[in-house]
Each structure stands twice: as structure tokens, then as C-alpha cells.
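Written below as C-alpha cells is the structure these notes are about.
Just so it is clear, the structure is predicted and the values come from calculations on it, not from any experiment. Residues take their numbers from the sequence shown, with the count starting at 1.
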Amino acid sequence: MSTKAIHLELVTSLTTDGFMSALHRFVGRRGNVSDLYSDNGTNFVGASKELIELRNLLKSQSLEQKVSEFCQERGTTWHFIAPRAPHQGGLWESNVKCMKNHLYKSLSESHLTYEEMNTLLIQIEAILNSRPLIPMNDDPFDYQALSPGHFLIGRELTSVAEPTYDHLKDGSLSRYQLIQKRKQSFWNRWSNEYITSLQKRSKWLKEPSLLREGLLVILQENQMPPQTWRLGRIIDTHPGIIRVVTVRTSNGTFRRATTKIAVLPIDDNM
């Protein structure tokens with residue numbers, strides 16, 4: 001809840017056994033938890049088959065009994081959000097919904113096996129948990145930012161270097177290369193949207209923090225490898241209306257338009 005780290009599990013069916021198996025895998029990989037929060041079955045009133053099956057699953061007595069036994073053994077408290085109030089689950093739904101939308105677009109008409117889909121989801125999980133959240137400290141020569149990955153494994157999440165497959169047709173790729181191409185497509189779509197979400201428009205939202213020297217920012221670059229964020233510190237804001245800033249990174253100093261950078265979230269009183 002505090003780090004917004006994401007964990008994705010692939011299930012073959014919306015059944016009680018499938019749900020409990022996914023829950024056991026989660027606890028096995030992440031450790032036991034004291035509180036679990038989830039949607040309420042009455043929130044799923046959509047017409048799609050998946051939503052109807054999920055609502056029926058959450059309302060079933062067999063699942064309720066197994067979840068109760070699971071929680072009693074581990075001292076876990078299960079919290080359901082209020083009925084017909086899906087907005088109360090916005091903390092987790094915002095990132096999950098974003099992930100699903102980009103995943104559908106990235107998959108296109110690909111048909112993946114269970115192992116291939118699971119591999120892709122775990123790589124996407126790493127991408128989502130690599131996103132910069134806040135500066136690690138106020139050192140003007142430190143270009144590191146805290147990410148959900150730091151809270152999961154104690155350091156930033158990195159990926160194996162891969163060539164770019166965007167320019168190659170699917171038919172010429174192996175199954176492994178196809179998965180990497182889908183991952184790269186997801187990264188390009190999602191990372192651009194994440195950076196854009198940090199570039200808030202003051203007309204509709206509260207007044208944004210003024211650009212000033214020392215702020216840690218993300219530089220918007222094209223064709224960056226997955227899980228690679230280019231971070232830098234603003235070292236100069238030019239007189240007048242600030243439209244261009246000078247940013248220092250670990251690779252040198254660059255001038256960038258303010259539309260090509262995004263300031264990491266900071267406290268309002270800073």
C-alpha cells in the first residue's frame with residue numbers, strides 16, 4: 001500500500017482452487033501478510049464473461065470458507081472494500097488497469113502458451129516495479145531514485161540486455177524473441193504514459209512544484225531499454241518563463257525542453 005509494488009499471478013481458470021493456488025504462490029514468494037484488501041463481488045456488474053465469473057467466485061461460499069481457513073492459520077485479516085464502491089480500490093486498480101490496457105495492445109493477435117504468458121507477466125511485473133518514485137536523497141550529484149523494487153529486493157530491478165526486435169516481423173522470430181518483442185512493446189507504451197502522468201497540467205490540478213535547481217527529473221528519451229530510466233538533476237533554469245532547463249546526468253550535461261522531462265513526486269512543502 002505504501003510502495004505501490006505490484007505482483008502479478010497467472011491463473012488458468014476463475015475457480016476456488018485456482019484462486020487459492022495463486023494466493024499460496026503469492027505468500028510463498030512475498031511472505032506472509034497481516035492484512036489483505038480486495039474488491040467486493042458486487043462491484044463487478046459488467047457484462048463481460050470474465051467479470052461475471054469473478055463476481056460469482058468472490059461471492060461463493062466455498063471460497064469464503066477456504067479464505068477464512070487460510071487467514072486463521074496465518075493471522076491474516078481480509079478486508080473487502082465497500083459494496084458498489086470500486087473507487088475505493090483505486091490504489092491498486094489504477095496500475096492494474098493500465099497494465100491490462102497496454103498488455104492487450106502489445107499482445108496484438110499473439111497466442112502464447114501458459115509458460116510464455118507467465119514469463120511475459122513476470123517481466124512486466126519487473127518493469128512496473130522499476131518505476132522511479134522519489135529521490136533517494138538530496139545530494140545534487142546523486143541520480144538515484146527509490147522504486148518499488150528497492151523495497152522488494154533491496155536494490156533496483158534490472159533486466160538482461162536484449163537487442164531490439166521492433167523492426168523485425170513476428171514470423172522471423174523464435175518464440176523467445178517474440179516474448180521479448182512483446183515486452184519491449186509494453187515498455188515503450190507504458191513508460192511514455194508513466195512519464196506523461198508526472199507532467200501534470202496546472203489548469204486542471206493544483207499548482208505544480210516550480211522547476212528549480214536540484215530537482216531530480218526523468219529525461220524522456222526514445223528507444224530506451226526496458227527498466228532503464230535516465231535520471232538527472234536540474235542545475236540551471238533559464239531566466240523568464242521556464243521552458244528550457246539544463247540537466248546534469250551521470251553521462252554529462254544536457255539542455256532539455258520542459259516538455260521532455262518529468263519531475264519525480266515531492267512533498268508540497270519542499
Side-chain angles (χ1 to χ4, degrees), residues 3-10 29 92-134 136 143-153 155-200 216-232 247 249-251 254 256 259-265:
T3 65
K4 294 186 179 180
I6 295 174
H7 179 100
L8 302 177
E9 282 289 345
L10 180 63
R29 291 167 59 187
W92 58 81
E93 284 296 342
S94 59
N95 284 320
V96 173
K97 180 180 179 181
C98 177
M99 181 277 297
K100 287 181 179 179
N101 289 338
H102 291 305
L103 178 62
Y104 289 147
K105 295 175 183 178
S106 300
L107 285 176
S108 183
E109 297 181 356
S110 301
H111 297 280
L112 307 181
T113 65
Y114 178 89
E115 182 179 3
E116 292 169 344
M117 187 65 178
N118 197 35
T119 300
L120 179 60
L121 284 180
I122 292 176
Q123 290 180 314
I124 288 176
E125 176 188 303
I127 288 175
L128 297 174
N129 289 331
S130 73
R131 66 193 187 279
L133 297 177
I134 59 174
M136 190 169 290
Y143 311 109
Q144 296 183 340
L146 283 175
S147 68
H150 283 86
F151 298 93
L152 294 176
I153 65 173
R155 57 181 175 82
E156 62 181 357
L157 293 167
T158 57
S159 62
V160 179
E162 293 280 351
T164 302
Y165 300 108
D166 290 344
H167 62 287
L168 300 176
K169 295 183 178 180
D170 292 353
S172 64
L173 301 176
S174 66
R175 297 300 297 182
Y176 169 79
Q177 292 172 333
L178 181 63
I179 300 303
Q180 300 312 305
K181 181 178 180 180
R182 296 294 178 262
K183 180 189 75 170
Q184 293 170 0
S185 175
F186 177 90
W187 160 260
N188 292 330
R189 295 174 183 273
W190 175 80
S191 60
N192 286 331
E193 180 175 297
Y194 178 69
I195 292 177
T196 301
S197 69
L198 298 178
Q199 298 169 327
K200 299 179 180 179
L216 186 66
V217 298
I218 305 175
L219 277 67
Q220 188 171 10
E221 304 282 358
N222 296 326
Q223 302 300 323
M224 292 293 289
Q227 298 170 235
T228 302
W229 304 90
R230 194 168 189 185
L231 303 177
V247 180
T249 71
S250 58
N251 296 324
F254 307 92
R256 288 289 186 272
T259 57
K260 293 298 182 180
I261 63 172
V263 181
L264 294 184

Inset, instruction - Under the side-chain contact (heavy atoms from CB on, under 4.5 Å) rule, what do Arg131 and Trp229 come out as? Steps first, then yes or no, please. - result: CA-CA 8 Å; Arg131 66 193 187 279; Trp229 304 90; 4.1 Å; yes
Inset, instruction - Start with the C-alpha gap between Asn95 and Leu128, add the side-chain angles, then the distance that decides, and say whether side-chain contact (heavy atoms from CB on, under 4.5 Å) holds. - result: CA-CA 8 Å; Asn95 284 320; Leu128 297 174; 5.8 Å; no
Inset, instruction - Assess whether side-chain contact (heavy atoms from CB on, under 4.5 Å) is satisfied between Tyr176 and Thr119, documenting all intermediate values. - result: CA-CA 10 Å; Tyr176 169 79; Thr119 300; over 6 Å; no
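In terms of heavy-atom proximity, Gly232 sits nearest to Thr249 at CA-CG2, 3.9 Å. The shortest heavy-atom contact between Met117 and Leu107 is CE-CD1, 4.0 Å. Between Thr3 and Pro148, the closest heavy-atom pair is O-CG, 3.6 Å. Taking every heavy atom of both residues into account, Tyr114 and Leu10 meet most closely at OH-O, 3.4 Å. Pairing each heavy atom of Ser191 with each of Asn188, the nearest pair is OG-O, 3.7 Å. Taking both residues in full, the closest heavy atoms of Asn192 and Thr196 are given as O-OG1, 2.8 Å, listed atom of the first, atom of the second, then distance.
For Lys100, the side chain to side chain contact (heavy atoms under 4.5 Å, CB included) partners are Val96, Tyr104, not counting sequence neighbours. Legend: residues meeting salt bridge (Lys or Arg N to Asp or Glu O under 4.0 Å) with Lys181, ordered by chain and number and at least two apart, are Asp170. Under the salt bridge (Lys or Arg N to Asp or Glu O under 4.0 Å) criterion, Glu116 pairs with Arg175, sequence neighbours left out. For Asn118, there are no side chain to side chain donor-acceptor pair (under 3.5 Å) partners two or more places apart in sequence or in a different chain. Among residues two or more places apart in sequence or in another chain, the salt bridge (Lys or Arg N to Asp or Glu O under 4.0 Å) test is passed with Glu125 by Arg29, Arg30. In this structure Gln177 satisfies the side chain to side chain contact (heavy atoms under 4.5 Å, CB included) test together with Tyr165, Leu173, Ser174, sequence neighbours excluded.
Within a 6.0 Å sphere centred on CD of Glu162, other residues, nucleotides and ligands contribute more than 12 heavy atoms. Within 6.0 Å of CD in Glu156 there are 12 or fewer heavy atoms belonging to other residues, nucleotides or ligands.
For the pair Leu121 and Leu103, the minimum side-chain heavy-atom distance is below 4.5 Å. Inter-residue side-chain proximity for Ile218 and Leu231 is flagged as met; some heavy-atom pair is nearer than 4.5 Å. Residues Lys183 and Leu120 have side chains in contact (heavy-atom distance under 4.5 Å, counting atoms from C-beta outward). Looking at Glu221 and Arg256, their side chains come closer than 4.5 Å, going by heavy atoms from C-beta outward. Side-chain contact check for Met99 versus Phe186: some heavy-atom pair is nearer than 4.5 Å. Between Val217 and Leu198 there is no side-chain heavy-atom pair separated by less than 4.5 Å. When side chains are defined from C-beta on, Ile124 counts as touching Leu8, because their heavy atoms get closer than 4.5 Å. Side-chain atoms of Leu264 and Ile134, non-hydrogen and from C-beta on, never get closer than 4.5 Å to each other.
Between the CZ atom in Arg230 and the OG atom in Ser250 there is a gap of 8.0 Å [rounded to 0.5 Å]. Phe254 contributes atom CZ, which lies 14.0 Å from atom CD1 of Ile261 (distance to the nearest 0.5 angstrom). Separation of atoms NE2 (His7) and CD1 (Ile122) is listed at 8.0 Å; rounding is to 0.5 Å. To the nearest 0.5 Å, atom OG1 of residue Thr158 and atom CD1 of residue Ile153 are 7.0 Å apart.
No side-chain donor-acceptor contact under 3.5 Å links Arg182 to the backbone of Ile179. Without hydrogens or angle criteria, Thr164 side chain to Asp166 main chain gives no donor-acceptor distance under 3.5 Å. Counting only distance, with no hydrogens or angles, the side chain of Tyr194 and the backbone of Pro132 share a donor-acceptor pair below 3.5 Å. Listed for the Gln184 side chain is a donor-acceptor partner under 3.5 Å among the backbone atoms of Pro163. Here the side chain of Trp187 pairs no donor or acceptor atom with the backbone of Thr228 at under 3.5 angstrom. A donor-acceptor pair under 3.5 Å links the side-chain atoms of Ser159 to the main chain of Pro226, judged by distance alone.
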